[in-house]
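See below for the structure under consideration.
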Amino acid sequence: MFALGLETSCDETAAAVVEQTDDPTRPWRTCANVVASQAAIHREWGGVVPELASRQHVRDICGVVDQALANASLRLADIGLVAVTQGPGLVGSLLVGLAFAKSLAAARALPLVPVHHLAGHIESLFLEHGPLPLPAAVLVVSGGHTSLYLVPVPGRYELLGRTRDDAAGEAYDKVAKLLGLGYPGGPIVDRLARSGRDRAVRLPQTRITHADRNAPDRPGRMDFSFSGLKTAVLRHVRARRAGRAAPLEEAEVADLCASFQRVVVETLLDRLFSAARRHHVASVGIAGGVSANSRLRADATARGAREGLPVYIPSLALSTDNAAMIAAAGLRRYAEGVRAGLDLNADASLPLPT
Ligand code: KG4
Ligand code: ZN
């Protein structure tokens, strides 16, 4: 059985083909994974412009699907189901993928399976590594989300904590913007940080516990907050620039990037590993665009080795937005009996079913 996955929730138009195999150690195989990035279009504006994103999805989606089929050496007639991101994301962008998926499902009499974007990111771990030792603590870190889940069995996600304000990727993007480094900021800050000193600038790590004001419903829940860190970077830059017309020196920018990145990575890993201990998990996973970060990958692996916990992270192609993860999640949901009708609608703030 081959699943065609479609992902258009933000600024990547993506299509992929994933095969369901008979091998229990590797139940899914990626046959093709095509992504058309719109980064060059949005860079000019310093961030994603929703209307431009939807219009570009319309232009790209047919070509991306054709390319995915060609790369998999398959024809449309070989596809057994269509999986599509229903939300969360930009509603106009989501609608393009959804309209395409519904049309294809109707024309070919194929089952249509809606997928939550974050469930897709979590499934990227299973797609890459096969079944993880469970229960697992999984951190999803992207441009729109920073959420920590307990995965007791495949396909079930219990929320342990999430950001109260900015997502980690969003903080990267905002810091890059205020330093005039370009969009998307994550990969640029990651690269510059390599030549900086990570303790050169003192920046705060925000700790939020359930005892704080606005305490969440779940006792022991661990939330994140990144807006204070972003503001601290802004204050530092303003203070350094005060009275000077010239931009910051290259070495100073590198130090700031390295210091910011150290705090982000430590915050993420402190929470992830304390949740892992508290819930006696058998493994930890990190998924989403920020899991492409070189320091996060290296530090997570080192900490896992120290704490005797296996750490799973997807390859770079499956870390950032892609449709292979959506096809994989679609295959899992299809096996669970999930089907959508042609009245399926996009939901910009779709909650992850728990
Ligand atoms: O998962 P994703 O591709 O899209 C969303 O669902 O949001 O994540 C995109 C985010 C962006 O904020 C981008 O700056 C960040 O992931 N990102 C990184 C790196 N590569 C992408 N952040 C830090 N370091 C990276 N190497
Ligand atoms: Zn994503």
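Every number for a ligand or one of its atoms is a count from 1 in the order of the listing. In what follows, residues are counted from 1 in the order of the sequence shown.
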Next on the checklist: Walk me through whether Arg199 and Asp255 qualify under salt bridge (Lys or Arg N to Asp or Glu O under 4.0 Å).
Outcome noted: CA-CA 8 Å; Arg199 291 184 188 274; Asp255 282 350; over 6 Å; no
Exercise answer: donor-acceptor pairs, residues 130-146 side-chain atoms, under 3.5 Å, sequence neighbours excluded:
| unit_1 | atom_1 | unit_2 | atom_2 | d |
| --- | --- | --- | --- | --- |
| Ser142 | OG | Gly144 | N | 3.3 |
| Ser142 | OG | His145 | N | 3.1 |
| Thr146 | OG1 | Ala168 | N | 2.7 |

Item to check | Arg164 charged N/C atom sitting above Phe224 aromatic ring, 6.0 Å / 45° | outcome: no
Item to check | Within-2.8 Å protein N/O/S contacts of the Zn ion (ligand 2) | outcome: His117 NE2, His121 NE2, Asp321 OD1
Next on the checklist: Counting only heavy atoms from other residues, nucleotides and ligands, does the tally under 6.0 Å from CZ of Arg297 exceed 12?
Outcome noted: yes
Next on the checklist: Is it the case that over 12 heavy atoms from other parts of the model lie below 6.0 angstrom from the CZ atom of Arg162?
Outcome noted: no
Checklist entry - What do the steps show when you test Arg303 against Glu307 for salt bridge (Lys or Arg N to Asp or Glu O under 4.0 Å), and what is the final call? => result CA-CA 6 Å; Arg303 204 181 288 206; Glu307 305 211 6; 5.0 Å; no
Check ligand 1 against the protein and report each N/O to N/O distance under 3.5 Å, formatted as atom name, atom name, distance.
| unit_1 | atom_1 | unit_2 | atom_2 | d |
| --- | --- | --- | --- | --- |
| ligand 1 | 1 (O) | His121 | NE2 | 3.1 |
| ligand 1 | 1 (O) | Gly289 | N | 3.0 |
| ligand 1 | 1 (O) | Asp321 | OD1 | 3.0 |
| ligand 1 | 3 (O) | Asp321 | N | 2.9 |
| ligand 1 | 3 (O) | Asp321 | OD1 | 3.4 |
| ligand 1 | 4 (O) | Asp321 | OD1 | 3.2 |
| ligand 1 | 4 (O) | Asp321 | OD2 | 3.0 |
| ligand 1 | 6 (O) | His117 | NE2 | 3.1 |
| ligand 1 | 6 (O) | Asp321 | OD1 | 3.3 |
| ligand 1 | 6 (O) | Asp321 | OD2 | 3.4 |
| ligand 1 | 7 (O) | Gly143 | N | 2.8 |
| ligand 1 | 7 (O) | Gly144 | N | 3.4 |
| ligand 1 | 8 (O) | Gly143 | N | 3.4 |
| ligand 1 | 12 (O) | Gly169 | O | 3.2 |
| ligand 1 | 12 (O) | Asp173 | OD2 | 2.7 |
| ligand 1 | 14 (O) | Asp173 | OD1 | 2.7 |
| ligand 1 | 14 (O) | Gly186 | N | 3.0 |
| ligand 1 | 24 (N) | Gly186 | O | 3.4 |
| ligand 1 | 24 (N) | Asn293 | ND2 | 3.0 |
| ligand 1 | 26 (N) | Asp190 | OD2 | 2.9 |

Checklist entry - Phe260 and Tyr172: aromatic ring centres closer than 6.0 Å? => result yes
Checklist entry - Would Asp190 and Arg295 count as a salt bridge (Lys or Arg N to Asp or Glu O under 4.0 Å) if you check the C-alpha gap in whole Å, the side-chain angles of each, and the deciding distance to 0.1 Å? => result CA-CA 8 Å; Asp190 187 0; Arg295 176 153 188 180; over 6 Å; no
Checklist outcome for this item: Residues at least two apart in sequence or cross-chain that pass side chain to side chain contact (heavy atoms under 4.5 Å, CB included) with Ser9, listed by chain then number, are Glu7, Thr85, Leu94, His117, Asp321
